[in-house]
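First up is the structure itself, then whatever we jot down about it.
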Amino acid sequence: MAAAADGLGSIAIDTTQLNMSVTDPTAWATAMNNLGMVPVGLAGQQLVTDSICVPGFDPSLSMMTGITPINPMIPGMGLVPPPPPTDVPVVKEIIHCKSCTLFPPNPNLPPPSTRERPPGCKTVFVGGLPENATEEIIQEVFEQCGDITAIRKSKKNFCHIRFAEEFMVDKAIYLSGYRMRLGSSTDKKDSGRLHVDFAQARDDFYEWECKQRMLAREERHRRKMEEDRLRPPSPPAIMHYSEHEAALLAEKLKDDSKFSEAITVLLTWIERGEVNRRSANQFYSMVQSANSHVRRLMNEKAAHEQEMEQAKESFKNALTGILTQFEQIVAVFNASTRQKAWDHFSKAQRKNIDIWRKHSEELRNAHSEQLMGIRREEEMEMSDDDSGDNPSKKLRVDDSALAAQAYALKEENDSLRWQLDAYRNEVELLKQEKGQLFRTEESLTKDQQLQFLQQTMQGMQQQLLSIQEELNNKKSELEQAKEEQTHTQAMLKVLQEQEINVLTVALVNQDREKTSEKRSPGLKSEKEALLIGIISTFLHVHPFGANIEYLWSYMQQLDSRISANEIEMLLMRLPRMFKQEFTGVGATLEKRWKFCAFEGIKTI
């Protein structure tokens, strides 16, 4: 890697290569490497040498992993040397393509201006194209910067080019300011100065937003997973009170390993208000189990205190043994410092022995003080025990013992009283249950009798219902028979009336015919003639006839002084012009007059 860096340093720093002729292929390679593109016309030549390139580097890896694409030509990556100082202008060189040639701008001119880069920019604006430039020529020039996904060319010598990756846009911006000439022509339509700038495209911004949303979702998911991991677990749910659960809880209270869980459940039940008259005994037994656990805890405490005393004793014995060994070591050092042995040691050895002796004495003194402190504490405890022989101390001890006994007796008395209350509650419950049993034995016979009476009553009610149904059926049959009888009677009456009417009408017609034959009465006045004409017209209009009331109501509109009898007498006087018929049956029987002059004139 160092050799590669040195090689690139020679490329960047050597000023002779910046002024190489255009025809030199080495200069072309240097220019294209500075541009970051494969030189056209030099098939297979890379941007940088294989020794510099990262082996097995996949540019598409960034799309899958979200890592920012690495440009091997970026300074500071260890692949290329740092850029030259700003006071030394970078000289761009001529770029030859198959269809055109790109001439670099004047290095003394300021660099071309560009707009602010939009987020996720993959599209560039290329202006100043030659009029005769085609999409193929544009693609030939700019495909050296990277993969092109789309080219949108306008008729006004500019186009938009969209690349596959964002870092390819930077390579395309490098070509801004170059003069493009098609072939070797000197025509104005075949030349133009390129202006490459960032373009704001909706597709680029949409892809950038999608990527940002994906990163935000991943970040939210990561935070949520971290919060779920750090969140403390929820406490277990407390079950509801029941006799079965109470029995299980009582067993758990007796188990030391499950006591903490069970006491929490018991406290929750009591705070919920589950204690009542019926469940008081169960709760009392559970509270009593909790109290017995207090005794177990005191026993455990005493056992731990005993273990602590044993540990203290063993520690004191071990410390005594260590102190004895320290004394022996210090005695060895003291014996070594005596003149009989001290003269045979060298100066360095004497110095070390002296240092070791002082260090051992300090440790021995510290351990002896610690042991003396333990012995003082024991002596104080023994003095407290011996002070019990003092009569005042004895009185105090007796008083404290009596107070403790009184307190213990008081607690025992309270517990006995609570047990007595519990037994009383149990006795009352048993009495209530026994009373219910006696009542049930006495009420069994009454219940049987009541059931028997209820069954007999139900049977009688069913019989009554069946009899009532039969009566209703018979009543309905009788009503139907009565209705049929009345209907037949009405039919008979109607038939009799019809027969009588027919006979009377026949007799009257015969009499009228006879009388009309005997005497042919004439019309008395012109009014009767007018009435006969009007009635004839009216009845001729009504071919099915009309009753006398209808005819009279019509004539009343013409002459209010005329009566229905006059009209009926007039019609009866002319039997060959008017005839009377009966229509309908029963209550709908009706007399109607018809005009029959056309039939009567034929019989004359």
Side-chain angles (χ1 to χ4, degrees), residues 8-42 47 71 73-75 80-117 121 124-133 137-146 154 156-161 163 167-199:
L8 288 175
S10 63
I11 294 173
I13 297 171
D14 194 1
T15 56
T16 58
Q17 294 182 2
L18 296 176
N19 300 321
M20 279 187 179
S21 61
V22 176
T23 57
D24 189 3
T26 307
W28 272 118
T30 305
M32 300 311 290
N33 283 332
N34 292 335
L35 184 59
M37 297 184 296
V38 178
V40 179
L42 300 174
L47 296 177
N71 186 2
M73 303 302 294
I74 296 176
V80 295
T86 55
D87 54 352
V88 179
V90 178
V91 178
K92 297 182 180 180
E93 298 183 358
I94 301 173
I95 301 173
H96 287 278
C97 300
K98 293 181 181 179
S99 304
C100 63
T101 306
L102 299 178
F103 296 94
N106 188 356
N108 296 324
L109 294 176
S113 61
T114 57
R115 61 178 295 180
E116 184 180 358
R117 181 167 187 160
C121 180
V124 295
F125 166 81
V126 181
L129 292 170
E131 295 183 8
N132 295 333
I137 296 173
I138 296 170
Q139 186 168 3
E140 179 186 352
V141 173
F142 285 93
E143 69 182 356
Q144 304 174 48
C145 301
S154 176
K156 296 183 179 180
N157 303 333
F158 70 88
C159 68
H160 289 85
I161 302 173
F163 293 96
F167 68 91
M168 300 175 183
V169 175
D170 299 326
K171 297 181 180 181
I173 295 294
Y174 181 82
L175 298 177
S176 183
Y178 271 81
R179 178 173 293 279
M180 181 177 180
R181 189 177 67 185
L182 303 180
S184 59
S185 175
T186 58
D187 192 2
K188 289 185 178 180
K189 294 184 178 181
D190 294 334
S191 64
R193 185 176 295 278
L194 299 180
H195 174 69
V196 185
D197 196 357
F198 300 108

Legend entry - Residues which pass side-chain contact (heavy atoms from CB on, under 4.5 Å) with Asn157, listed by chain and number, not counting sequence neighbours: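 Asn157 satisfies side-chain contact (heavy atoms from CB on, under 4.5 Å) with Glu131 only.
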Legend entry - side-chain contact (heavy atoms from CB on, under 4.5 Å) partners of Pro104, counting only residues at least two apart: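 Once residues adjacent in sequence are excluded, the partners of Pro104 under the side-chain contact (heavy atoms from CB on, under 4.5 Å) criterion are Lys92, Ile94, Tyr178.
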Please identify each residue that fulfils side chain to side chain donor-acceptor pair (under 3.5 Å) with [X], with sequence neighbours left out.
X      : answer
Asp197 : none
Arg117 : Asp170
Ser99  : Glu140

Legend entry - Ile95 vs Thr101, side chain to side chain contact (heavy atoms under 4.5 Å, CB included): CA-CA, chis, key distance, verdict: CA-CA 6 Å; Ile95 301 173; Thr101 306; over 6 Å; no
From [X] atom [atom1] to [Y] atom [atom2], the distance as rounded to the nearest 0.5 Å:
X      : Y      : atom1 : atom2 : value
Ser191 : Met180 : OG    : CE    : 10.5 Å
Glu143 : Ile138 : CD    : CD1   : 12.0 Å
Leu175 : Gln144 : CG    : CD    : 8.0 Å
His195 : Leu129 : NE2   : CG    : 11.5 Å
Phe103 : Glu93  : CZ    : CD    : 13.5 Å
Cys100 : Asn132 : SG    : CG    : 12.5 Å

Inset, instruction - Work out which heavy atom in Cys121 is nearest to a heavy atom in Ala199; give both atom names and the distance. - result: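 Closest heavy-atom pair between Cys121 and Ala199: SG-O, 3.5 Å.
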Inset, instruction - Identify the heavy atoms of Leu182 and Ala133 that sit nearest to each other, and give their distance. - result: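 So the two residues come closest at CD1-N, 3.9 Å.
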Inset, instruction - Would you check if the side chain of Ser176 reaches a backbone N or O of Val196 as a donor-acceptor pair within less than 3.5 Å? - result: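 A pair under 3.5 Å: yes.
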Inset, instruction - Please identify each residue that fulfils salt bridge (Lys or Arg N to Asp or Glu O under 4.0 Å) with Arg193, with sequence neighbours left out. - result: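 Result, salt bridge (Lys or Arg N to Asp or Glu O under 4.0 Å) vs Arg193: none returned.
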Legend entry - Ile161 and Phe163: CA distance, side-chain angles, deciding distance, side chain to side chain contact (heavy atoms under 4.5 Å, CB included) verdict: CA-CA 7 Å; Ile161 302 173; Phe163 293 96; 3.9 Å; yes
Legend entry - Set of residues satisfying ring pair (Phe, Tyr, Trp, His ring centres under 6.0 Å) with respect to Phe125, sequence neighbours excluded: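 Result, ring pair (Phe, Tyr, Trp, His ring centres under 6.0 Å) vs Phe125: Phe158, His160.
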